[in-house]
A.B. asks: 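Okay, handing you the structure first.
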Amino acid sequence: MAKILTSKNENYSQWYNDLVIKADLAENSSVRGCMVIKPYGYAIWEKMQSVLDKMFKDTGHSNAYFPLFIPKSFLSREADHVEGFAKECAVVTHYRLKNSPDGRGIVVDETAKLEEELVIRPTSETIIWNTYKNWIQSYRDLPLLINQWANVVRWEMRTRLFLRTAEFLWQEGHTAHATKEEAIEETLKMLDVYSVFARDWMAMPVIKGTKTETERFAGAVDTYSIEALMQDGKALQSGTSHFLGQNFAKAFDVKFLDKQGKLEYVWATSWGVSTRLMGALVMAHSDDSGLVLPPKLAPLQVVIIPIYKKREELEVIATRAGDIRQQLSAAGITVKFDDRDTYKPGWKFNEYELKGVPVRLALGPRDIENGTVEVVRRDTLEKRSFPAGNIVETVKNLLDEIQDNIYRKAFDFREKNTTRANSYQEFRDLIENNPGFVLAHWDGTSETEEKITADTRATIRCIPLDGEKEKGKCMVTGKPSAQRVVFAKAY
RNA sequence: CGGGGUGUAGCGUAGCCCGGUUAGCGCGCCUGCUUUGGGAGCAGGAGGUCGCAAGUUCGAAUCUUGCCACCCCGACCA
């Protein structure tokens, strides 16, 4: 087979870059750091969106839309928030262009300077809380459960398709609650939604946990995240959920009258996942032949490819293929019959493997004669012949099996690459030689965390919520530790 | 923002050191014929501001200067 991609083992990061482009997911645009998401990539994102959107609606949230522009003064209302984002904001200063005096092109019209500069949202807390102030007066207005699908801009130094781009697409939930307990509950509920989505739809196991102070969202009291392990042993933060306390309520003066008639600040959360999930999806399952997509998110689940020599053969095959397509389609399966005669079957096989289509059916004269269909599953590339009669059952079972199998594979990979360090020496050794999650004891201080990061380039991904809470001693300082935390090198 | 590298057709590249035919090759694209169970073959064809600008020169893809863009490695980040 012709080699299209850089091999994963040879150069993982090149493999990823090649794959995103060759599988037609996205490409770099002529705008620095900004990508074009191509139709095939966008179709996957749309599937993710529709599943997540339903999950949000099912948990009581409504969609709304807030402006792209944020008055500069809003951003500085919450001290930590502005400090966290100031370094990567794009700013609009003017609202008009004019013909250049030298006749060459157009220039900014300096007379059209904005009185207050506008920041392109890096996230929407400030504009949203400024708005919520007007929406919330009494406990009857709470909880306020809003989500928005939007683009945001963070002026990143170094970008990579999907994993880190200057502009990206995401959803951001912003909720307001009467009590602290309810807000914390909401934060954890949405973290759970993300982890279920990752597990059941992306077939990607994740660890739920709390972020340390250094990794916390700017303006949050607590940040929770789901952390996934990629095939190169690096961790990818795949979603975050923040308990914002009353920080934004205080900054934007959002108060409500409780049942006792007392004026109180509301409690807030925010949570989001982005097009980074696309990167996670690619890196979680794919191989040297191309993408491996979970059937539940694949834009195209089944492709049928005809194999024929003569025109008359194609006619018979097309009739049979059309019939199969109709049956599969009626069963809710997305299917395409690729009868283009401009490409040969072998070319198509490689193409659909590159694009990660979970199941491929081939129909040739031999199949017509024997009443069979050749079935190839993308995850294992295993090829088998099945009777054409109950092809719907066969394909349905196979799609389920692939979904399960790639999850199990990703899960096993994570298990195999999750290790425990009981001394700092052992830890450094593991981080250096066994990329993956390393569970170790830490004393809870930023100083120790910084030392570890400086020594090893590994960071604390999270303090896990689930699992055993084994007590121990910090591997660096020997001070007491309530539980092991997750370390890894991260994207 | 530091360190390194690269810009030649849609993509990948040769040529540059040592200036001198019509800038070469592979993939892709177009036309035709033969093909079609794992990226087909042959024949013909189209496609180039050699990143941009200035300079040196009889002559610049090639030398000089400036600028721009992108990639890789660091610091920063969903």
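Both backbone and side-chain heavy atoms feed into the values below; hydrogens, waters and symmetry mates do not. All chains are named by letter (A, B, ...) in the order of the sequence lines, taking the proteins before the strands, and each is independently numbered beginning at 1.
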A.B. asks: For rC70(B), take OP1 and OP2 only and decide whether either is under 4.0 Å from a side-chain N or O of Arg32(A).
C.D. replies: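 For rC70(B), OP1 or OP2 has a side-chain N or O of Arg32(A) closer than 4.0 Å.
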
A.B. asks: Ignoring hydrogens and geometry beyond distance, is the side chain of Arg360(A) in donor-acceptor contact with the base of rG38(B) at under 3.5 Å?
C.D. replies: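 Per atom types, the contact qualifies.
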
A.B. asks: Is the distance from OP1 or OP2 of rC73(B) to the nearest side-chain N or O of Arg158(A) less than 4.0 Å?
C.D. replies: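 So the side chain of Arg158(A) is within the cut-off, an N or O lying under 4.0 Å from OP1 or OP2 of rC73(B).
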
A.B. asks: Under 6.0 Å between the ring centres of Phe243(A) and Phe217(A)?
C.D. replies: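 No, too far apart.
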
A.B. asks: Counting distance only, does the side-chain N/O of Lys208(A) pair as donor-acceptor with the main-chain N or O of Ser195(A) below 3.5 Å?
C.D. replies: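 Not a single qualifying donor-acceptor pair exists.
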
A.B. asks: Between rC76(B), rG39(B), rG38(B), spot the one nearest the side chain of Lys87(A), thanks.
C.D. replies: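 Looking only at side-chain atoms, Lys87(A) lies closest to rC76(B).
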
A.B. asks: Any sub-3.5 Å donor-acceptor pair from Arg276(A)'s side-chain atoms to Gln237(A)'s backbone N or O?
C.D. replies: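 Between the backbone of Gln237(A) and the side chain of Arg276(A) there is a qualifying donor-acceptor contact (under 3.5 Å).
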
A.B. asks: Give Ser274(A) one of three labels, base, sugar-phosphate or nothing, depending on what nucleic acid heavy atoms sit under 4.0 Å from its own.
C.D. replies: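 Base: the residue Ser274(A), judged by heavy atoms under 4.0 Å, touches a nucleobase.
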
A.B. asks: Is there a donor N/O on one and an acceptor N/O on the other, under 3.5 Å, for the side chain of Lys383(A) and the base of rG38(B)?
C.D. replies: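 For Lys383(A), whose side chain was compared with the base of rG38(B), there is a donor-acceptor pair (under 3.5 Å).
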
A.B. asks: Using whole Å, report how far CD of Glu88(A) lies from C1' of rC76(B).
C.D. replies: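 In whole Å, rC76(B) C1' and Glu88(A) CD are 8 Å from each other.
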
A.B. asks: Tell me what Ser385(A) touches on the nucleic acid: a base, only sugar-phosphate, or nothing, going by heavy atoms under 4.0 Å.
C.D. replies: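 Ser385(A): no heavy atom of the nucleic acid under 4.0 Å.
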
A.B. asks: Quick one: is Lys310(A) getting a side-chain N or O under 4.0 Å of the rU35(B) phosphate, OP1 or OP2?
C.D. replies: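 Checking Lys310(A) against rU35(B): no side-chain N or O falls below 4.0 Å of OP1 or OP2.
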
A.B. asks: Just call it for Phe217(A): base, sugar-phosphate, or nothing, with non-hydrogen atoms closer than 4.0 Å on any strand.
C.D. replies: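 No contact.
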
A.B. asks: Apply side chain to side chain contact (heavy atoms under 4.5 Å, CB included) to residues Val91(A) and Ile120(A) and explain how you reach the verdict.
C.D. replies: CA-CA 6 Å; Val91(A) 186; Ile120(A) 300 184; over 6 Å; no

